[in-house]
Amino acid sequence: MRRTLAVLTLLVGLFALTACGSDDDTADGAGSSEPVTIQVEFSGDTVTPNGERVEVPLGQDVEFEVKADAPGELHIHADPEKTLEYDAGTTVVQAGSFDRAGIYEVESHALDKTIVQLEVS
Ligand SMILES: [Cu+2]
């Protein structure tokens with residue numbers, strides 16, 4: 001009898017852990033939420049996305065997960081401007097956060113294309 005109770009308690013405990021483990025967003029330290037991750041894929045002279053607008057909350061960190069067949073750089077028209085280098089393969093680059101509302105273009109100068117427009121508000 002005691003033993004059954006112990007097993008039950010353990011099971012309930014495990015379930016509770018699983019149930020609240022997935023949205024633990026306080027562990028990061030900086031800010032209370034996770035960065036906005038934007039996936040970018042370069043292939044030859046095309047890039048995806050291509051000019052799409054992405055909403056970013058003020059002060060939220062932004063990162064790019066870049067898949068590319070050759071190294072290159074992203075250029076963010078913020079003030080100050082940011083240049084983020086990536087390698088061939090998959091690279092995660094950090095753009096940091098934006099503390100002024102506005103629209104910031106993220107470009108590939110090599111391809112002469114706008115990848116995304118960050119709409120910070
Ligand atoms: Cu530029």
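Residue numbers start at 1 and run along the sequence shown. What's counted below: heavy atoms across the whole structure, side chains too, no hydrogens, waters or symmetry copies. Atoms within a ligand are numbered from 1 in the order they appear, just like the ligands themselves.
Between Q94 and V92 there is a side-chain heavy-atom pair separated by less than 4.5 Å. Counting heavy atoms from C-beta outward, H75 and K82 have side chains that stay 4.5 Å or more apart.
Nearest N, O or S atom of E107 to the Cu ion (ligand 1): atom OE1. Among the heteroatoms counted here (N, O or S) of H77, NE2 is the one nearest to the Cu ion (ligand 1). Among heteroatoms of the N, O or S kind in H75, ND1 lies nearest the Cu ion (ligand 1).
Ring centroids of F64 and Y86 are separated by 6.0 Å or more, keeping the two rings apart.
Residue V116 is tested with V40, V54, V47 for a side chain to side chain contact (heavy atoms under 4.5 Å, CB included); the sole match is V54.
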